[in-house]
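What follows is a set of notes on a single structure, which appears directly below.
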Number of protein chains: 2
Amino acid sequence: MVADGPEIPAPPWRKQRAGRRRDASRRPLSRELIVDTAIGVLDAEGMDAITMRRIAQELGTGPASLYAHVANKDELLEDVLDRIAAEVALPEPDPARWQEQLKEVAREIRAMYRRHGDIARASLGKIPTSPNVLRIAECELALMRAGGVPPKIAGLAVDRFAQMIDADCIEGTVLAGKSPEGQDPHEFYAAFVPQVRAYFEALPAERFPNIVAMAGELTGGDDDDRFEFGLDIMVRGIASYAEGRPPAG
Amino acid sequence: MVADGPEIPAPPWRKQRAGRRRDASRRPLSRELIVDTAIGVLDAEGMDAITMRRIAQELGTGPASLYAHVANKDELLEDVLDRIAAEVALPEPDPARWQEQLKEVAREIRAMYRRHGDIARASLGKIPTSPNVLRIAECELALMRAGGVPPKIAGLAVDRFAQMIDADCIEGTVLAGKSPEGQDPHEFYAAFVPQVRAYFEALPAERFPNIVAMAGELTGGDDDDRFEFGLDIMVRGIASYAEGRPPAG
DNA sequence: ACCTGAACACCGTTCAAGT
DNA sequence: ACCTGAACACCGTTCAAGT
(Lines give C-alpha, C1' and ligand atoms only; values in the text may rest on other atoms or scores of the structure.)
Protein backbone atom coordinates (compact mmCIF):
# COMPACT_ATOMS: atom_id res chain seq x y z
CA MET A 1 0.00 0.00 0.00
CA VAL A 2 1.13 3.50 -0.81
CA ALA A 3 0.12 6.55 1.22
CA ASP A 4 -2.04 8.59 -1.13
CA GLY A 5 -3.23 12.09 -0.31
CA PRO A 6 -5.84 13.93 -2.40
CA GLU A 7 -4.78 13.79 -6.04
CA ILE A 8 -3.20 16.92 -7.47
CA PRO A 9 -4.16 17.29 -11.13
CA ALA A 10 -1.27 17.20 -13.59
CA PRO A 11 -0.55 20.55 -15.26
CA PRO A 12 -2.76 20.56 -18.33
CA TRP A 13 0.05 21.58 -20.69
CA ARG A 14 1.94 18.39 -19.84
CA LYS A 15 -0.19 16.36 -22.16
CA GLN A 16 -1.86 13.42 -20.54
CA ARG A 17 -0.42 10.30 -22.14
CA ALA A 18 -3.98 9.19 -22.98
CA GLY A 19 -4.79 8.88 -19.28
CA ARG A 20 -4.11 5.19 -19.10
CA ARG A 21 -0.92 5.24 -17.07
CA ARG A 22 -1.01 2.14 -14.88
CA ASP A 23 -2.02 2.91 -11.32
CA ALA A 24 1.12 2.22 -9.30
CA SER A 25 -0.92 0.88 -6.37
CA ARG A 26 -2.14 -2.05 -8.45
CA ARG A 27 -0.47 -5.43 -8.50
CA PRO A 28 2.34 -5.38 -11.06
CA LEU A 29 1.67 -7.14 -14.34
CA SER A 30 2.37 -10.87 -14.29
CA ARG A 31 1.23 -13.97 -16.07
CA GLU A 32 -0.89 -14.85 -13.03
CA LEU A 33 -2.64 -11.51 -13.02
CA ILE A 34 -3.24 -11.63 -16.76
CA VAL A 35 -4.80 -15.10 -16.49
CA ASP A 36 -6.94 -13.93 -13.54
CA THR A 37 -8.18 -11.01 -15.56
CA ALA A 38 -8.89 -13.16 -18.60
CA ILE A 39 -11.00 -15.54 -16.49
CA GLY A 40 -12.87 -12.60 -15.03
CA VAL A 41 -13.72 -11.32 -18.50
CA LEU A 42 -14.57 -14.84 -19.68
CA ASP A 43 -17.00 -15.52 -16.85
CA ALA A 44 -18.71 -12.17 -17.25
CA GLU A 45 -18.94 -11.96 -21.02
CA GLY A 46 -17.82 -15.15 -22.71
CA MET A 47 -14.85 -16.14 -24.79
CA ASP A 48 -15.35 -13.60 -27.55
CA ALA A 49 -14.66 -10.91 -24.98
CA ILE A 50 -11.20 -12.34 -24.28
CA THR A 51 -9.07 -10.13 -26.47
CA MET A 52 -5.60 -8.88 -25.74
CA ARG A 53 -6.90 -5.35 -25.97
CA ARG A 54 -9.76 -5.91 -23.58
CA ILE A 55 -7.61 -7.61 -20.95
CA ALA A 56 -5.03 -4.85 -21.23
CA GLN A 57 -7.74 -2.25 -20.78
CA GLU A 58 -8.99 -4.06 -17.69
CA LEU A 59 -5.45 -3.83 -16.33
CA GLY A 60 -5.13 -0.17 -17.20
CA THR A 61 -2.51 -0.63 -19.88
CA GLY A 62 -2.12 -1.28 -23.60
CA PRO A 63 -2.16 -4.65 -25.37
CA ALA A 64 1.56 -4.56 -26.08
CA SER A 65 2.32 -4.78 -22.36
CA LEU A 66 0.88 -8.27 -22.13
CA TYR A 67 3.45 -9.64 -24.53
CA ALA A 68 6.18 -9.29 -21.91
CA HIS A 69 4.42 -12.07 -19.97
CA VAL A 70 2.66 -14.31 -22.46
CA ALA A 71 3.94 -15.29 -25.88
CA ASN A 72 0.59 -14.86 -27.58
CA LYS A 73 -3.14 -15.30 -27.16
CA ASP A 74 -3.02 -19.05 -27.68
CA GLU A 75 -0.63 -19.49 -24.80
CA LEU A 76 -2.83 -17.33 -22.62
CA LEU A 77 -5.85 -19.49 -23.41
CA GLU A 78 -3.87 -22.59 -22.55
CA ASP A 79 -3.11 -21.11 -19.16
CA VAL A 80 -6.75 -20.23 -18.67
CA LEU A 81 -7.73 -23.81 -19.49
CA ASP A 82 -5.23 -25.22 -17.06
CA ARG A 83 -6.35 -22.94 -14.27
CA ILE A 84 -10.04 -23.80 -14.57
CA ALA A 85 -9.30 -27.50 -15.08
CA ALA A 86 -8.17 -27.51 -11.45
CA GLU A 87 -11.79 -27.03 -10.42
CA VAL A 88 -12.86 -30.44 -11.67
CA ALA A 89 -13.47 -32.83 -8.77
CA LEU A 90 -12.27 -36.36 -9.44
CA PRO A 91 -13.42 -39.60 -7.81
CA GLU A 92 -11.39 -42.35 -6.20
CA PRO A 93 -11.67 -45.27 -8.65
CA ASP A 94 -14.16 -47.96 -7.62
CA PRO A 95 -13.87 -50.83 -10.12
CA ALA A 96 -17.49 -51.85 -9.63
CA ARG A 97 -18.74 -48.40 -10.65
CA TRP A 98 -16.22 -47.38 -13.29
CA GLN A 99 -18.76 -46.62 -15.99
CA GLU A 100 -20.84 -44.39 -13.75
CA GLN A 101 -17.69 -42.75 -12.43
CA LEU A 102 -16.51 -42.01 -15.94
CA LYS A 103 -19.84 -40.32 -16.60
CA GLU A 104 -19.50 -38.33 -13.38
CA VAL A 105 -16.15 -37.00 -14.52
CA ALA A 106 -17.66 -35.96 -17.84
CA ARG A 107 -20.47 -34.14 -16.06
CA GLU A 108 -17.97 -32.37 -13.82
CA ILE A 109 -15.99 -31.17 -16.81
CA ARG A 110 -19.09 -29.99 -18.57
CA ALA A 111 -20.29 -28.10 -15.51
CA MET A 112 -16.87 -26.47 -15.25
CA TYR A 113 -16.95 -25.36 -18.87
CA ARG A 114 -20.43 -23.98 -18.40
CA ARG A 115 -19.31 -21.92 -15.45
CA HIS A 116 -16.63 -20.41 -17.64
CA GLY A 117 -18.27 -19.02 -20.74
CA ASP A 118 -17.60 -20.96 -23.87
CA ILE A 119 -13.90 -21.55 -23.37
CA ALA A 120 -14.27 -25.19 -24.54
CA ARG A 121 -13.65 -23.78 -28.02
CA ALA A 122 -10.04 -23.27 -27.01
CA SER A 123 -9.69 -26.88 -25.89
CA LEU A 124 -10.91 -28.84 -28.91
CA GLY A 125 -7.99 -30.26 -30.85
CA LYS A 126 -5.32 -29.30 -28.37
CA ILE A 127 -3.08 -32.04 -27.03
CA PRO A 128 -3.26 -31.78 -23.25
CA THR A 129 0.11 -31.10 -21.66
CA SER A 130 -0.68 -28.83 -18.71
CA PRO A 131 -0.77 -30.38 -15.24
CA ASN A 132 -4.40 -29.87 -14.30
CA VAL A 133 -5.68 -31.13 -17.62
CA LEU A 134 -3.37 -34.14 -17.45
CA ARG A 135 -4.70 -34.83 -13.97
CA ILE A 136 -8.16 -35.34 -15.47
CA ALA A 137 -6.85 -37.62 -18.21
CA GLU A 138 -4.94 -39.60 -15.59
CA CYS A 139 -8.14 -40.17 -13.65
CA GLU A 140 -10.06 -41.30 -16.72
CA LEU A 141 -7.33 -43.76 -17.59
CA ALA A 142 -7.34 -45.09 -14.02
CA LEU A 143 -11.11 -45.59 -14.15
CA MET A 144 -10.98 -47.45 -17.45
CA ARG A 145 -8.07 -49.61 -16.38
CA ALA A 146 -9.94 -50.44 -13.17
CA GLY A 147 -12.86 -51.47 -15.35
CA GLY A 148 -10.74 -53.84 -17.40
CA VAL A 149 -10.57 -51.73 -20.55
CA PRO A 150 -7.44 -52.73 -22.50
CA PRO A 151 -4.66 -50.09 -22.60
CA LYS A 152 -4.93 -49.49 -26.32
CA ILE A 153 -8.67 -48.88 -26.11
CA ALA A 154 -8.32 -46.69 -23.03
CA GLY A 155 -5.64 -44.63 -24.72
CA LEU A 156 -7.86 -43.90 -27.68
CA ALA A 157 -10.96 -43.48 -25.56
CA VAL A 158 -9.52 -40.74 -23.38
CA ASP A 159 -8.94 -38.64 -26.49
CA ARG A 160 -12.41 -39.24 -27.91
CA PHE A 161 -13.96 -38.62 -24.55
CA ALA A 162 -12.41 -35.17 -24.23
CA GLN A 163 -13.36 -34.36 -27.79
CA MET A 164 -16.97 -35.25 -27.16
CA ILE A 165 -17.22 -33.04 -24.08
CA ASP A 166 -15.53 -30.13 -25.83
CA ALA A 167 -17.84 -30.46 -28.82
CA ASP A 168 -20.93 -30.61 -26.63
CA CYS A 169 -19.98 -27.45 -24.77
CA ILE A 170 -19.12 -25.59 -27.95
CA GLU A 171 -22.39 -26.66 -29.50
CA GLY A 172 -24.23 -25.39 -26.45
CA THR A 173 -22.84 -21.92 -26.97
CA VAL A 174 -23.28 -21.60 -30.73
CA LEU A 175 -27.03 -21.26 -30.63
CA ALA A 176 -26.84 -19.20 -27.45
CA GLY A 177 -24.50 -16.85 -29.27
CA LYS A 178 -27.19 -16.25 -31.86
CA SER A 179 -29.80 -15.11 -29.40
CA PRO A 180 -30.47 -11.42 -29.93
CA GLU A 181 -28.88 -8.84 -27.67
CA GLY A 182 -29.99 -9.08 -24.09
CA GLN A 183 -32.47 -11.91 -24.52
CA ASP A 184 -32.02 -14.96 -22.31
CA PRO A 185 -30.37 -17.62 -24.51
CA HIS A 186 -32.34 -20.39 -22.85
CA GLU A 187 -35.63 -18.68 -23.64
CA PHE A 188 -34.51 -17.99 -27.15
CA TYR A 189 -33.66 -21.63 -27.63
CA ALA A 190 -36.95 -22.80 -26.13
CA ALA A 191 -38.81 -20.59 -28.58
CA PHE A 192 -36.69 -21.72 -31.51
CA VAL A 193 -37.09 -25.49 -31.17
CA PRO A 194 -40.83 -25.65 -31.93
CA GLN A 195 -40.18 -23.68 -35.12
CA VAL A 196 -37.60 -26.23 -36.20
CA ARG A 197 -40.03 -29.03 -35.40
CA ALA A 198 -42.76 -27.43 -37.46
CA TYR A 199 -40.28 -26.94 -40.29
CA PHE A 200 -39.31 -30.63 -40.21
CA GLU A 201 -42.95 -31.68 -40.16
CA ALA A 202 -43.72 -29.53 -43.18
CA LEU A 203 -40.90 -31.01 -45.29
CA PRO A 204 -41.89 -33.06 -48.37
CA ALA A 205 -42.55 -36.56 -47.05
CA GLU A 206 -41.41 -38.31 -50.25
CA ARG A 207 -37.89 -36.95 -49.94
CA PHE A 208 -37.60 -36.86 -46.16
CA PRO A 209 -39.90 -39.58 -44.81
CA ASN A 210 -37.89 -40.24 -41.67
CA ILE A 211 -37.26 -36.63 -40.78
CA VAL A 212 -40.97 -35.86 -41.16
CA ALA A 213 -41.99 -38.93 -39.17
CA MET A 214 -39.41 -38.35 -36.47
CA ALA A 215 -39.62 -34.57 -36.22
CA GLY A 216 -40.65 -34.94 -32.59
CA GLU A 217 -37.75 -37.21 -31.68
CA LEU A 218 -35.26 -35.04 -33.55
CA THR A 219 -36.25 -31.93 -31.64
CA GLY A 220 -37.31 -33.60 -28.40
CA GLY A 221 -34.46 -33.65 -25.94
CA ASP A 222 -32.91 -30.64 -24.27
CA ASP A 223 -29.16 -30.13 -24.14
CA ASP A 224 -28.77 -32.23 -20.98
CA ASP A 225 -30.62 -35.15 -22.57
CA ARG A 226 -28.42 -34.99 -25.63
CA PHE A 227 -25.26 -34.86 -23.56
CA GLU A 228 -26.35 -37.80 -21.42
CA PHE A 229 -27.23 -39.80 -24.49
CA GLY A 230 -23.87 -39.15 -26.11
CA LEU A 231 -22.13 -40.08 -22.89
CA ASP A 232 -24.21 -43.21 -22.61
CA ILE A 233 -23.53 -44.64 -26.08
CA MET A 234 -19.86 -43.76 -25.78
CA VAL A 235 -19.43 -45.50 -22.44
CA ARG A 236 -21.40 -48.46 -23.73
CA GLY A 237 -19.07 -48.65 -26.69
CA ILE A 238 -15.99 -48.48 -24.49
CA ALA A 239 -17.43 -51.03 -22.06
CA SER A 240 -17.99 -53.46 -24.90
CA TYR A 241 -14.20 -53.81 -25.02
CA ALA A 242 -13.75 -54.36 -21.27
CA GLU A 243 -12.23 -57.70 -20.38
CA GLY A 244 -14.09 -60.18 -18.24
CA ARG A 245 -17.43 -58.45 -18.32
CA PRO A 246 -20.38 -58.46 -20.66
CA PRO A 247 -21.11 -55.38 -22.74
CA ALA A 248 -23.26 -52.95 -20.80
CA GLY A 249 -26.97 -53.27 -21.56
CA MET B 1 -19.24 -12.37 -74.42
CA VAL B 2 -18.61 -8.77 -75.27
CA ALA B 3 -16.53 -7.62 -78.21
CA ASP B 4 -13.49 -6.00 -76.67
CA GLY B 5 -10.93 -4.13 -78.68
CA PRO B 6 -7.61 -2.98 -77.24
CA GLU B 7 -8.30 -1.03 -74.08
CA ILE B 8 -8.12 2.73 -74.28
CA PRO B 9 -6.76 4.12 -71.03
CA ALA B 10 -9.08 6.45 -69.15
CA PRO B 11 -7.98 10.11 -69.14
CA PRO B 12 -5.72 10.44 -66.15
CA TRP B 13 -7.47 13.53 -64.82
CA ARG B 14 -10.70 11.58 -64.44
CA LYS B 15 -9.56 10.05 -61.22
CA GLN B 16 -9.72 6.33 -61.18
CA ARG B 17 -12.21 5.36 -58.51
CA ALA B 18 -9.54 3.20 -56.85
CA GLY B 19 -9.31 1.04 -59.95
CA ARG B 20 -11.65 -1.62 -58.68
CA ARG B 21 -14.66 -0.95 -60.89
CA ARG B 22 -16.24 -4.32 -61.61
CA ASP B 23 -15.34 -5.63 -65.06
CA ALA B 24 -18.65 -5.54 -66.94
CA SER B 25 -17.79 -8.75 -68.82
CA ARG B 26 -17.85 -10.76 -65.61
CA ARG B 27 -20.90 -12.60 -64.36
CA PRO B 28 -23.04 -10.22 -62.34
CA LEU B 29 -22.95 -10.60 -58.58
CA SER B 30 -25.33 -13.19 -57.23
CA ARG B 31 -25.61 -15.45 -54.23
CA GLU B 32 -24.51 -18.36 -56.42
CA LEU B 33 -21.40 -16.60 -57.57
CA ILE B 34 -20.51 -15.48 -54.06
CA VAL B 35 -20.84 -19.04 -52.75
CA ASP B 36 -18.75 -20.32 -55.67
CA THR B 37 -16.05 -17.82 -54.88
CA ALA B 38 -16.12 -18.62 -51.17
CA ILE B 39 -15.64 -22.33 -51.89
CA GLY B 40 -12.76 -21.52 -54.21
CA VAL B 41 -11.03 -19.53 -51.49
CA LEU B 42 -11.85 -22.20 -48.90
CA ASP B 43 -10.36 -25.02 -50.95
CA ALA B 44 -7.23 -23.08 -51.75
CA GLU B 45 -6.50 -21.49 -48.39
CA GLY B 46 -8.83 -22.76 -45.68
CA MET B 47 -11.65 -21.29 -43.71
CA ASP B 48 -9.71 -18.42 -42.17
CA ALA B 49 -9.31 -17.03 -45.67
CA ILE B 50 -13.07 -16.77 -46.09
CA THR B 51 -13.65 -13.15 -45.24
CA MET B 52 -16.16 -10.81 -46.76
CA ARG B 53 -13.33 -8.57 -47.84
CA ARG B 54 -11.37 -11.36 -49.49
CA ILE B 55 -14.35 -12.71 -51.41
CA ALA B 56 -15.25 -9.21 -52.54
CA GLN B 57 -11.70 -8.66 -53.70
CA GLU B 58 -11.81 -11.92 -55.64
CA LEU B 59 -14.94 -10.61 -57.36
CA GLY B 60 -13.39 -7.23 -58.09
CA THR B 61 -15.59 -5.26 -55.74
CA GLY B 62 -15.82 -4.09 -52.13
CA PRO B 63 -17.21 -6.02 -49.15
CA ALA B 64 -20.35 -3.88 -48.94
CA SER B 65 -21.51 -5.20 -52.32
CA LEU B 66 -21.93 -8.71 -50.96
CA TYR B 67 -24.58 -7.59 -48.50
CA ALA B 68 -27.05 -7.08 -51.32
CA HIS B 69 -27.07 -10.87 -51.79
CA VAL B 70 -26.31 -12.46 -48.42
CA ALA B 71 -27.53 -11.21 -45.07
CA ASN B 72 -24.22 -11.80 -43.33
CA LYS B 73 -21.22 -14.09 -43.14
CA ASP B 74 -23.06 -16.75 -41.17
CA GLU B 75 -25.66 -17.11 -43.87
CA LEU B 76 -22.94 -17.35 -46.47
CA LEU B 77 -21.25 -20.17 -44.57
CA GLU B 78 -24.54 -21.99 -44.31
CA ASP B 79 -24.88 -21.84 -48.08
CA VAL B 80 -21.33 -23.09 -48.47
CA LEU B 81 -22.10 -26.03 -46.18
CA ASP B 82 -25.22 -26.92 -48.09
CA ARG B 83 -23.46 -26.80 -51.41
CA ILE B 84 -20.62 -29.10 -50.41
CA ALA B 85 -22.97 -31.43 -48.52
CA ALA B 86 -24.35 -32.37 -51.93
CA GLU B 87 -21.07 -34.15 -52.67
CA VAL B 88 -21.64 -36.81 -50.04
CA ALA B 89 -22.56 -40.15 -51.65
CA LEU B 90 -25.22 -42.05 -49.74
CA PRO B 91 -25.95 -45.79 -49.79
CA GLU B 92 -29.21 -47.62 -50.36
CA PRO B 93 -30.09 -49.05 -46.92
CA ASP B 94 -29.32 -52.75 -46.51
CA PRO B 95 -30.67 -53.84 -43.10
CA ALA B 96 -28.04 -56.56 -42.75
CA ARG B 97 -25.21 -54.07 -43.08
CA TRP B 98 -26.63 -50.99 -41.36
CA GLN B 99 -23.74 -50.51 -38.94
CA GLU B 100 -21.11 -50.68 -41.65
CA GLN B 101 -23.21 -48.42 -43.86
CA LEU B 102 -23.51 -45.86 -41.09
CA LYS B 103 -19.74 -45.86 -40.82
CA GLU B 104 -19.43 -45.45 -44.57
CA VAL B 105 -21.59 -42.35 -44.46
CA ALA B 106 -19.43 -40.91 -41.69
CA ARG B 107 -16.29 -41.57 -43.73
CA GLU B 108 -17.86 -39.90 -46.75
CA ILE B 109 -18.70 -36.80 -44.75
CA ARG B 110 -15.23 -36.64 -43.28
CA ALA B 111 -13.62 -36.98 -46.70
CA MET B 112 -15.86 -34.18 -47.96
CA TYR B 113 -14.85 -31.88 -45.11
CA ARG B 114 -11.21 -32.65 -45.72
CA ARG B 115 -11.52 -31.71 -49.36
CA HIS B 116 -12.90 -28.37 -48.27
CA GLY B 117 -10.49 -26.81 -45.85
CA ASP B 118 -11.64 -26.73 -42.29
CA ILE B 119 -15.21 -25.63 -42.90
CA ALA B 120 -16.50 -28.17 -40.34
CA ARG B 121 -15.98 -25.38 -37.82
CA ALA B 122 -19.00 -23.66 -39.32
CA SER B 123 -21.15 -26.76 -38.92
CA LEU B 124 -20.69 -27.66 -35.25
CA GLY B 125 -23.70 -26.58 -33.24
CA LYS B 126 -25.85 -25.56 -36.17
CA ILE B 127 -29.26 -27.16 -36.52
CA PRO B 128 -29.39 -28.58 -40.04
CA THR B 129 -32.16 -27.09 -42.12
CA SER B 130 -30.72 -26.89 -45.62
CA PRO B 131 -31.76 -29.56 -48.13
CA ASN B 132 -28.46 -31.26 -48.81
CA VAL B 133 -27.58 -31.51 -45.13
CA LEU B 134 -31.05 -32.84 -44.32
CA ARG B 135 -30.59 -35.40 -47.07
CA ILE B 136 -27.66 -36.86 -45.12
CA ALA B 137 -29.59 -36.91 -41.84
CA GLU B 138 -32.49 -38.59 -43.64
CA CYS B 139 -30.19 -41.35 -44.83
CA GLU B 140 -28.71 -41.90 -41.38
CA LEU B 141 -32.17 -42.18 -39.90
CA ALA B 142 -33.20 -44.66 -42.59
CA LEU B 143 -30.13 -46.79 -41.86
CA MET B 144 -30.78 -46.86 -38.13
CA ARG B 145 -34.47 -47.57 -38.55
CA ALA B 146 -33.58 -50.41 -40.92
CA GLY B 147 -31.28 -51.73 -38.20
CA GLY B 148 -34.04 -51.75 -35.62
CA VAL B 149 -32.84 -48.73 -33.63
CA PRO B 150 -35.84 -47.22 -31.80
CA PRO B 151 -36.99 -43.80 -33.06
CA LYS B 152 -36.06 -41.95 -29.91
CA ILE B 153 -32.54 -43.36 -29.94
CA ALA B 154 -32.13 -42.73 -33.66
CA GLY B 155 -33.30 -39.15 -33.25
CA LEU B 156 -30.68 -38.43 -30.62
CA ALA B 157 -28.01 -40.46 -32.38
CA VAL B 158 -28.19 -38.51 -35.63
CA ASP B 159 -27.34 -35.35 -33.70
CA ARG B 160 -24.46 -36.89 -31.79
CA PHE B 161 -23.17 -38.51 -34.93
CA ALA B 162 -22.92 -35.20 -36.78
CA GLN B 163 -21.32 -33.58 -33.76
CA MET B 164 -18.65 -36.25 -33.59
CA ILE B 165 -17.72 -35.90 -37.26
CA ASP B 166 -17.62 -32.12 -37.02
CA ALA B 167 -15.43 -32.27 -33.93
CA ASP B 168 -13.05 -34.75 -35.52
CA CYS B 169 -12.58 -32.58 -38.58
CA ILE B 170 -12.09 -29.44 -36.54
CA GLU B 171 -9.57 -31.21 -34.34
CA GLY B 172 -7.70 -32.31 -37.42
CA THR B 173 -7.19 -28.74 -38.51
CA VAL B 174 -6.26 -27.18 -35.17
CA LEU B 175 -2.84 -28.75 -35.00
CA ALA B 176 -2.37 -28.35 -38.73
CA GLY B 177 -3.08 -24.66 -38.29
CA LYS B 178 -0.16 -24.42 -35.91
CA SER B 179 2.38 -25.78 -38.34
CA PRO B 180 4.79 -23.02 -39.26
CA GLU B 181 4.41 -21.15 -42.53
CA GLY B 182 4.85 -23.33 -45.56
CA GLN B 183 5.72 -26.55 -43.76
CA ASP B 184 3.62 -29.60 -44.57
CA PRO B 185 1.15 -29.99 -41.67
CA HIS B 186 1.36 -33.77 -41.85
CA GLU B 187 5.14 -33.70 -41.47
CA PHE B 188 4.88 -31.19 -38.68
CA TYR B 189 2.44 -33.42 -36.86
CA ALA B 190 4.58 -36.52 -37.38
CA ALA B 191 7.54 -34.70 -35.87
CA PHE B 192 5.47 -33.37 -32.98
CA VAL B 193 3.96 -36.64 -31.71
CA PRO B 194 7.24 -38.24 -30.53
CA GLN B 195 7.96 -35.11 -28.52
CA VAL B 196 4.61 -35.42 -26.77
CA ARG B 197 5.30 -39.08 -26.12
CA ALA B 198 8.69 -38.30 -24.59
CA TYR B 199 7.05 -35.60 -22.50
CA PHE B 200 4.44 -38.03 -21.18
CA GLU B 201 7.09 -40.61 -20.40
CA ALA B 202 9.13 -38.08 -18.44
CA LEU B 203 6.19 -37.04 -16.24
CA PRO B 204 6.40 -37.86 -12.50
CA ALA B 205 5.16 -41.45 -12.21
CA GLU B 206 3.67 -40.98 -8.74
CA ARG B 207 1.24 -38.36 -9.93
CA PHE B 208 0.60 -39.67 -13.44
CA PRO B 209 1.17 -43.45 -13.31
CA ASN B 210 -1.24 -44.27 -16.12
CA ILE B 211 -0.15 -41.50 -18.46
CA VAL B 212 3.48 -42.52 -18.03
CA ALA B 213 2.70 -46.20 -18.47
CA MET B 214 0.43 -45.62 -21.45
CA ALA B 215 2.41 -42.88 -23.19
CA GLY B 216 2.70 -45.13 -26.22
CA GLU B 217 -1.00 -45.88 -26.44
CA LEU B 218 -1.92 -42.24 -25.89
CA THR B 219 0.21 -41.05 -28.78
CA GLY B 220 -0.02 -44.18 -30.91
CA GLY B 221 -2.78 -43.88 -33.45
CA ASP B 222 -2.88 -41.47 -36.36
CA ASP B 223 -5.90 -39.33 -37.09
CA ASP B 224 -7.61 -42.04 -39.15
CA ASP B 225 -7.20 -44.55 -36.33
CA ARG B 226 -8.73 -42.15 -33.85
CA PHE B 227 -11.62 -41.38 -36.14
CA GLU B 228 -12.33 -45.06 -36.77
CA PHE B 229 -12.19 -45.79 -33.07
CA GLY B 230 -14.64 -43.01 -32.22
CA LEU B 231 -16.94 -44.23 -34.96
CA ASP B 232 -16.65 -47.78 -33.71
CA ILE B 233 -17.55 -47.15 -30.08
CA MET B 234 -20.36 -44.83 -31.09
CA VAL B 235 -21.94 -47.34 -33.48
CA ARG B 236 -21.50 -50.08 -30.88
CA GLY B 237 -23.29 -47.91 -28.38
CA ILE B 238 -26.15 -47.20 -30.79
CA ALA B 239 -26.35 -50.85 -31.80
CA SER B 240 -26.72 -51.88 -28.17
CA TYR B 241 -30.18 -50.27 -28.34
CA ALA B 242 -31.25 -52.02 -31.56
CA GLU B 243 -34.28 -54.23 -31.17
CA GLY B 244 -34.08 -57.93 -31.88
CA ARG B 245 -30.32 -58.16 -32.09
CA PRO B 246 -27.51 -58.61 -29.62
CA PRO B 247 -25.19 -55.69 -28.92
CA ALA B 248 -22.35 -55.62 -31.41
CA GLY B 249 -19.20 -57.31 -30.16
C1' DA C 1 13.86 -5.73 -17.35
C1' DC C 2 9.63 -4.11 -17.98
C1' DC C 3 6.41 -1.32 -20.11
C1' DT C 4 4.49 1.77 -23.67
C1' DG C 5 2.57 4.45 -28.03
C1' DA C 6 2.04 4.01 -32.37
C1' DA C 7 1.74 1.51 -36.21
C1' DC C 8 0.79 -2.54 -39.40
C1' DA C 9 -2.24 -5.33 -41.58
C1' DC C 10 -6.28 -6.95 -40.93
C1' DC C 11 -11.77 -7.93 -39.46
C1' DG C 12 -17.73 -7.67 -40.22
C1' DT C 13 -21.13 -4.51 -40.95
C1' DT C 14 -23.65 -0.08 -41.91
C1' DC C 15 -25.10 3.74 -44.49
C1' DA C 16 -25.58 7.64 -47.40
C1' DA C 17 -24.75 8.27 -51.99
C1' DG C 18 -24.43 7.10 -56.67
C1' DT C 19 -26.08 4.76 -61.21
C1' DA D 1 -32.57 -2.51 -57.68
C1' DC D 2 -28.01 -2.97 -57.34
C1' DC D 3 -23.66 -1.44 -56.20
C1' DT D 4 -20.13 1.50 -53.98
C1' DG D 5 -16.70 4.42 -50.91
C1' DA D 6 -15.99 5.59 -46.73
C1' DA D 7 -16.48 4.99 -42.21
C1' DC D 8 -17.24 2.66 -37.58
C1' DA D 9 -15.65 -0.07 -34.14
C1' DC D 10 -12.98 -3.52 -33.69
C1' DC D 11 -8.81 -7.50 -34.02
C1' DG D 12 -3.43 -9.81 -32.81
C1' DT D 13 1.12 -8.67 -33.01
C1' DT D 14 5.54 -6.00 -33.63
C1' DC D 15 8.91 -2.68 -32.67
C1' DA D 16 11.48 1.32 -31.54
C1' DA D 17 11.53 4.08 -27.72
C1' DG D 18 11.20 5.20 -23.03
C1' DT D 19 11.98 4.46 -17.77
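Just so we're on the same page: letters track the sequence lines, and every chain starts at 1.
Between the side chain of B/E108 and the backbone N or O of B/A89 there is at least one donor-acceptor pair closer than 3.5 Å. With hydrogens and angles ignored, the 3.5 Å screen pairs no side-chain donor or acceptor of A/D118 with any backbone N or O of A/G46. B/R115 places no side-chain N or O within donor-acceptor distance of the main-chain N or O of B/I84, the cut-off being under 3.5 Å. Looking at A/R110, its side chain never comes within 3.5 Å of a backbone N or O of A/C169 through a donor-acceptor pair.
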All N/O contacts under 3.5 Å from nucleotides 13-17 of chain D to the protein, with atom names and distances to one decimal?
from	atom 1	to	atom 2	distance (Å)
D/dT13	OP2	A/Y67	OH	2.7
D/dT13	OP2	A/K73	N	3.0
D/dT13	O5'	A/Y67	OH	3.3

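Put simply, CG on A/D48 is 14 Å from P on C/dG12, counting in whole angstrom units. Across the protein-nucleic acid pair, B/E75 atom CD and C/dG12 atom P stand 15 Å apart, rounded to whole Å. One interatomic measurement links the two molecules: CD of B/Q57 to C1' of D/dG5, which rounds to 16 Å at whole-angstrom precision. Rounded to an integer number of Å, the gap from B/R54 CZ to C/dA9 C1' is 15 Å.
Side-chain contact check for B/D223 versus B/Y189: every heavy-atom pair is 4.5 Å or farther apart.
Remark: A/D166 engages no residue in a salt bridge (charged side-chain N to carboxylate O under 4.0 Å, His left out) (not counting sequence neighbours). Residues passing the side chain to side chain donor-acceptor pair (under 3.5 Å) test with B/E201 are B/R197, sequence neighbours excluded. In terms of the side chain to side chain donor-acceptor pair (under 3.5 Å) criterion, A/N72 has no residue partners (sequence neighbours excluded). B/D225 meets the salt bridge (charged side-chain N to carboxylate O under 4.0 Å, His left out) test with no other residue; sequence neighbours excluded.
For D/dC3, the OP1/OP2 oxygens have a side-chain nitrogen or oxygen of B/H69 closer than 4.0 Å. Between D/dC3 and B/T61, no contact under 4.0 Å exists linking OP1 or OP2 to a side-chain N or O.
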Study note, to complete from the structure: Note, DNA chain C 5' to 3' with Watson-Crick or G-U pairs under 3.5 Å encoded as ( ), [ ], | and . gives ||.|||||...|||||.||
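Look at the P atom in both C/dA9 and D/dC10: the space between them is 22 Å, to the nearest Å.
With DNA chain D read from its 5' end, the first of the two nearest nucleotides for B/L66 and A/I50 is the one closest to B/L66.
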